[in-house]
Amino acid sequence: MSNPTIDIAALRKSYERAELNEDASHADPLKQFDQWLNEAIAAQVPEPNAMTLATVDSKLRPSTRVVLVKGYDARGIVWFTNYNSRKGLELAGNPYAALQFHWVELERVVRIEGVVEKVSAEESDAYFNSRPLDSRIGAWASPQSEVIASRSVLVTNAAKYGAKFFLQPPRPPHWGGYRLQPDNWQFWQGRKSRLHDRLRYTLQADSSWLRERLAP
């Protein structure tokens, strides 16, 4: 017997876990982000460090994918990837991007926009060398975003580079980090009756942040 059709238009959830207001939020969006990320980690949210990265190509066609944040500070948000991947090529042509964290269990979303640059070679080397051996070999084995004949291509490449480098694979020249320098943050907290809390932080000319409430 087949399952009955689910009416996805009727799927609804009442958001009632928390609130977000100007008095209780940080004036610095990085501090607000740090608080929320640590609360997501403490709540054991699945992959709290996962974020959606949105880029745009030369034809203004957007694309998204999930990557993992590997660091953040006053300079920006950092992740690592293959520079020759679709996202890498799009960032080379248009360095503006957007990030989104969605912590479903906490009914929270963080959106971040800004300009992207590559991190230093030293930063990329340090993170690459901290990765498990299989991941380091994988960076060599996968021609990310390229068409391949089958999975055996990846397995064969992994074996080839494993034999070549043994326990000391160097960082591939096509692999490293990016840093998004935020100029706009949004923090969204689900609320009852769809009257959600939504605060936007916009970077000002004097490097201060303008905090405003947006209608949901």
Side-chain angles (χ1 to χ4, degrees), residues 33 37 40-41 45-73 75-104 109-185:
F33 172 73
L37 176 58
I41 294 171
V45 169
E47 292 201 281
N49 57 331
M51 59 186 184
T52 299
L53 165 64
T55 56
V56 177
D57 67 14
S58 60
K59 296 181 180 180
L60 304 183
R61 188 181 182 94
S63 63
T64 64
R65 73 287 291 160
V66 176
V67 297
L68 300 179
V69 60
K70 292 300 180 180
Y72 60 94
D73 55 25
R75 297 173 298 168
I77 312 295
V78 174
W79 68 94
F80 294 85
T81 190
N82 187 315
Y83 291 144
N84 295 331
S85 63
R86 178 176 176 177
K87 54 186 171 297
L89 297 178
E90 290 180 350
L91 287 170
N94 176 10
Y96 291 93
L99 304 171
Q100 177 171 290
F101 292 83
H102 186 192
W103 298 308
V104 177
V109 173
V110 179
R111 296 165 55 187
I112 314 166
E113 300 173 15
V115 66
V116 178
E117 64 179 11
K118 290 181 179 178
V119 306
S120 68
E122 292 76 14
E123 288 179 85
S124 290
D125 287 341
Y127 176 68
F128 183 81
N129 291 330
S130 75
R131 303 179 84 205
L133 177 61
D134 287 351
S135 297
R136 284 178 280 155
I137 293 297
W140 284 95
S142 174
Q144 195 173 111
S145 298
E146 294 183 15
V147 176
I148 58 176
S150 67
R151 182 173 176 80
S152 64
V153 173
L154 300 177
V155 175
T156 300
N157 284 349
K160 178 180 71 174
Y161 287 111
K164 179 178 180 179
F165 296 125
F166 295 102
L167 299 178
Q168 299 296 329
R171 176 175 64 88
H174 58 263
W175 191 98
Y178 287 102
R179 176 179 287 107
L180 183 142
Q181 302 168 312
D183 56 28
N184 187 292
W185 297 73

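- Each side chain to side chain donor-acceptor pair (under 3.5 Å) pair with one or both residues in residues 157-173, not counting sequence neighbours, appears once here: D125-R171.
- Here the closest heavy-atom approach between residue P182 and residue G76 is recorded as CD-CA, 3.9 Å.
- Residues satisfying the side chain to side chain donor-acceptor pair (under 3.5 Å) criterion with N129, sequence neighbours excluded, are absent altogether.
- Taking CZ of R179 as the reference point, atom CD1 of I77 lies at 9.5 Å (rounded to 0.5 Å).
- Shown here for V116 and A97, the closest heavy-atom pair between the two residues is CG2-CB, 3.7 Å.
- Side-chain atoms of V67 and M51, non-hydrogen and from C-beta on, do get closer than 4.5 Å to each other.
- Side-chain atoms of R136 come within 3.5 Å of backbone atoms of R131 as a donor-acceptor pair (strictly under, hydrogens ignored).
- A distance-only check finds a donor-acceptor pair linking the side chain of T156 to the backbone of S152 [under 3.5 Å].
- A distance of 11.0 Å separates CD1 in I112 from CG in L53, rounded to the nearest 0.5 Å.
- Although no hydrogens or angles enter the test, the distance criterion places no donor-acceptor pair under 3.5 Å between the side chain of H174 and the main chain of S85.
- Residue F80 holds its CZ atom at 13.0 Å from NZ of K118, rounded to the nearest 0.5 Å.
- Between the CG atom of L133 and the CZ atom of F166 there is a distance of 11.5 Å, given to the nearest 0.5 Å.
- Counting all heavy atoms, side chain and backbone alike, T81 lies closest to Q144 at OG1-OE1, 3.4 Å.
- Atom CZ of F165 has more than 12 neighbouring heavy atoms from other residues, nucleotides or ligands inside a 6.0 Å radius.
- Looking at every heavy atom in both residues, S142 comes nearest to N82 through O-ND2, 3.6 Å.
- Considering every non-hydrogen atom in both V66 and A50, the closest pair reads CG1-CB, 4.0 Å.
- Here the OH-CG distance, from Y83 to L91, works out to 10.5 Å after rounding to the nearest 0.5 Å.
- Under the ring pair (Phe, Tyr, Trp, His ring centres under 6.0 Å) criterion, F33 pairs with Y72, F101, W185, sequence neighbours left out.
- With respect to the salt-bridge test (charged N to carboxylate O, under 4.0 angstrom), the residues D73 and R75 qualify.
- Minimum heavy-atom separation, T64 to A54: CG2-CB, 3.9 Å.
- Here the side chain of W140 pairs a donor or acceptor atom with the backbone of P170 at under 3.5 angstrom.
- Residue T55 forms a side-chain hydrogen bond (donor to acceptor under 3.5 Å, both in side chains) with just one option from R61, R65, K87, and that option is R65.
- Side chain of S124 to backbone of G177: a donor-acceptor contact under 3.5 angstrom is found.
- Atom CG of L89 sits about 10.5 Å away from atom CG of D57, to the nearest 0.5 Å.
- Within the cation-pi definition used here (under 6.0 Å to the ring centroid, within 45° of the axis), K70 does not qualify as a partner of Y127.
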